[in-house]
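Below: the structure, in C-alpha cells.
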There are 2 protein chains.
Amino acid sequence: MQLSDRKRKILQAIIHDYIETAEPVGSRTICKNHISDLSPATIRNEMADLEEMGYLEQPHTSAGRIPSDLGYRVFVDSGLERYRLTIKEMLQMQEAFKHKMREANSIMSEISSILSQMTNYTAVATSKRASNIKVQSLQVMPIDARRILAMMITNDGGVKNQLIVTRQEIDGVRAAEITAVLNSCFAGMTVSDITPEKLAEMSTRFRGFAEIEDVFEFMLKSAAEIEKQEIIVDGSINMLNFPEYSDVNKAKQILEYINDKKSLNMLLQSPKRENEIEVIIGNENPLEEFKDCSIIMCSYNLGGRSGNIGLVGPRRMNYSKAISMMEYLKNELDNIISERTDEDE
Amino acid sequence: MQLSDRKRKILQAIIHDYIETAEPVGSRTICKNHISDLSPATIRNEMADLEEMGYLEQPHTSAGRIPSDLGYRVFVDSGLERYRLTIKEMLQMQEAFKHKMREANSIMSEISSILSQMTNYTAVATSKRASNIKVQSLQVMPIDARRILAMMITNDGGVKNQLIVTRQEIDGVRAAEITAVLNSCFAGMTVSDITPEKLAEMSTRFRGFAEIEDVFEFMLKSAAEIEKQEIIVDGSINMLNFPEYSDVNKAKQILEYINDKKSLNMLLQSPKRENEIEVIIGNENPLEEFKDCSIIMCSYNLGGRSGNIGLVGPRRMNYSKAISMMEYLKNELDNIISERTDEDE
DNA sequence: ATTAGCACTCATTTCGTTTTAGTGCTAACA
DNA sequence: TGTTAGCACTAAAACGAAATGAGTGCTAAT
C-alpha cells in the first residue's frame, strides 16, 4: 500500500524532530511545529496507521513515536531534500585535495578527518591496493662505505626501500651485479608470490652476497605492507556526543567495535552497486554490533589504491547532510582520478 | 615529620584497597583485610593523623579515606614492592622487538599497543628525529619512459622518495646531470633549511628541467615529514573501564585530551632526569586537564628517533605494575640500541 | 596506648505519590 | 465521511520523606 501524501508528511515530520531531539515525538509536537492545519487527534490516527504499517515504533504506551528502520528507509529513498553545502564546507573539503601528489592513503586520512569534523559523525575508510600488483624492478645501490639501499618498485608506481648495513664494502659494480640477478629472479613476479619458500629457493643464486638475507627480509616486509589492508578511523569520539551512548558501557562497546579492524572491515563491505552512495540503516547492516547505527558509504578508487569510505552515526543520523557530504566528496575524488589518468597514461 | 612504621602500613593498605575498588576505604575494612591486630578505632586515630599530615583525604564526613597526591607520592617513592612480570608478559613484550630491522616508529607503535593491552591503561609515545638532520644526498633516476624517481637520503639513514611523472623522456645521463646539480646545491644542508624561499633561489640553476617544481615539492614534503613530531596513542578506550570516567562527559573530555596532539606533547615533556623512569601523580603534571591522571614515563632513543613513552591511567593506577612494565621495556630498548650501535659504528 | 561504645553525619536507597506527556477511543460536528 | 474535542487511561519520570548504612569522632574504660 502506498503512503498517502499526508502520511508521508507526518512521517517526515517525526523523523525530522527525532533526528534533532532523540526523543519520541508526540502528536501535539507535530501539530505545533509542522502541520498546524490538522488537530493532534487526526495526526494521532495517522500515526497509529503508520505504526501498523511498520514505519513507526512506540517505545511504550504513553510515549510518542520513533521511526523504525523501514521508516528511515522510505524517508531516505523517497528523495529527501538535499542539504546544500556552504561555501566554507566546500572549501574545507577541497583543502584535503590540495596536495594531489600525495599518496592515496594520506589523502584518505585527511578526508576522513575533515568529514568527521564537519558532520560530527565517525569517518571510516578502508584502503587496499589493487590485488595483482607486480614487482617492476628491484635495485640495490651503495650509499656509503658500510650501507646499501635496497629498493622495490611496483608496477603501480609504489616504491619501498630500506637501508642495510653491510659487513664489507660493496661498490657500484658489485651492486649492479646483484641488482641484475635480483631482477632476473623477481621482476614481473606478483607481489603476493613473494614468500619465504620462494625466496629460499632462489637463495642459491646469491652465493657470495652476505646481506641477501637482509634484502629478502626487506622484500617480505614490503610485500606484506603492500598487500595489507589499511583502515582509517577518524572522530570515533564523536559517538559520545549522542544521547544513545550516554551510558558508558554502551559507549565503550561501540567505540571498541568502531576501532576494531575486523568488524570495520565487515561493516564496510563493498556497496551493492559500485560507484553509488549506499545508505545502510540500523539492522540492515551485516553486523549485530552496529544495529543501532547507520552508515553512509561509497567506494573510491584512487591511484592504485581503492576501498570504501563511510560515515557512521546513530540510526537517527542527519541523512540529508551526511549524504550530501558524501556526494560532494565522491565528485571531488572522481575529479582527481580523471586528472591523474589524463597525465599518467 | 617521619611516618611511623604503623602509619606507613596503614597508608599502604588504604592505597592498595583504593586502587582496587576506587571506593573510599574505611577503618573496618583495613582491619579486616590488612591489619587484624589493631582495632578499627586505633586505625581511625592513625587515619586522622595521616589526613592531618596531608597523605589522605576524606570526600565527606562519614566516608572512608582516599589517598592524596602526596599519599601516592610517598607510596611510590618509599620503595613499593615491585610487580614481577610473568614469563608470558615478558615474551609478549619481546614480540614487539622481534623485527629489529623495523623502523623506530613501527617498533614504538607495537610497544604501545602491547603496553596498553597488558596494563589496561593508555600508552602514549612521542617520537622525533634528532634535530640536526642533514641531507646526505639527493638522487633522480629514470624508472621508465615517463617516470622518474626522486630520492632524498639523510645522514641518519632515512630515505624518502617519490615517483614523478615527466612530460618528456629523461634518460640516465640527463638524470645523472640533474642529480649532480641537486647535490651541489643541497647536499650537506640541514633539513630544516629546506624552505620554499631557498628553493626558489636555487631554481635558476635548473633551467631546462621542467619537473624541478615537482622535485622541489617532494623535497619540501619530505623535509616536513622528517621534522614532524609523531605521536602514538594506543588503548585510549581503556579509560572507559575506570569508574572515575563513568560519566560520559568526563569520559569524552579525557578522551579528547588524550587524543589531542598538543596536550599530549605537553604532557610528555622530557623527564627531569634523562634515562630514568618518572612518575607523575595527579596535579603534579603540567596540565590541568590531566589532574585526575597519573603518568609513568621514560625517554627512549632508538636509531635516530627519540622521544618519550608513557602510560596514562587514573590517579589510583597500579603503580607497581605499571612501573615494572616500563622498567622492563626500558631495558629491552636499551639492549636494542647497544646491539645496533655495535653494528653501526 | 588501645579499644569498646555511642552519638552523629551524610550519601544512598527505598518507596509511595504526584506530575507529565503521551495514547486510544467515543461521540459530536462540519 | 473525515475531523476534532473530550476524556479515561498508561507508563515513565520527578519528587520527597523516611529508612538504611557506612563511616566518622569523641569519651570513657581497660
(message) Quick check against the 3.5 Å criterion: does B:S78 have a side-chain atom that pairs as donor or acceptor with the backbone of B:V74?
(response) yes
(request) Mark yes when over 12 heavy atoms from residues, nucleotides or ligands other than A:N331 sit less than 6.0 Å from its CG; otherwise mark no. (result) yes
(message) C:dG22, OP1 or OP2 - any side-chain N/O from A:T61 closer than 4.0 Å?
(response) no
(request) Round to a whole Å and report the spacing from NZ of A:K32 to P of C:dG22. (result) 9 Å
(message) Between P on C:dT2 and CD1 on B:I10, what's the gap in Å once rounded to a whole number?
(response) 10 Å
(message) Expressed as a whole number of angstroms, how long is the span from A:H60:NE2 to D:dA12:C1'?
(response) 5 Å
(message) So, OP1 or OP2 of C:dT3: does either fall under 4.0 Å of a side-chain N or O from B:S39?
(response) yes
(request) With B:K321 as the cation and B:Y83 as the aromatic partner, state whether NZ or CZ is under 6.0 Å from the six-membered ring centre and within 45° of the axis. (result) yes
(request) Return no unless some side-chain N or O of A:S62 is found under 4.0 Å from OP1 or OP2 of C:dA21. (result) no
(message) Using whole Å, what does the distance between atom P of nucleotide D:dA28 and atom CG of B:N45 come to?
(response) 15 Å
(message) Before we go on, tell me: are the rings of A:Y18 and A:F75 under 6.0 Å apart, centre to centre?
(response) no
(request) Could you tell me the separation between the CD1 atom of B:I43 and the P atom of D:dG25, rounded to a whole number of Å? (result) 13 Å
(request) Measure from the side-chain N and O atoms of B:K330 to the backbone N and O of B:S299, and report whether any donor-acceptor pair falls under 3.5 Å. (result) yes
(request) Output yes when at least one side-chain N/O atom of A:S27 is less than 4.0 Å from OP1 or OP2 of C:dT23, else no. (result) yes
(message) Expressed as a whole number of angstroms, how long is the span from A:K7:NZ to D:dT3:C1'?
(response) 14 Å
(message) Side-chain N or O of B:R65 versus OP1/OP2 of D:dA22: is the shortest distance under 4.0 Å?
(response) no
(request) Please figure out whether B:E46 or B:P59 has its closest DNA chain C nucleotide nearer the 5' end. (result) B:E46
(message) Whether B:R44 contacts C:dG5 is assessed here as follows: a side-chain N or O lying under 4.0 Å from the phosphate OP1 or OP2. Is that the case?
(response) no
(request) May I have the distance from B:E23 (atom CD) to D:dA22 (atom P), rounded to whole angstrom? (result) 12 Å
(request) Write down the distance between CE (B:M47) and P (D:dG23), rounded to a whole number of angstrom. (result) 9 Å
(request) Look at the side chain of B:R6 and decide which nucleotide, out of C:dT2, C:dT3, D:dG25, has an atom nearest to it. (result) C:dT2
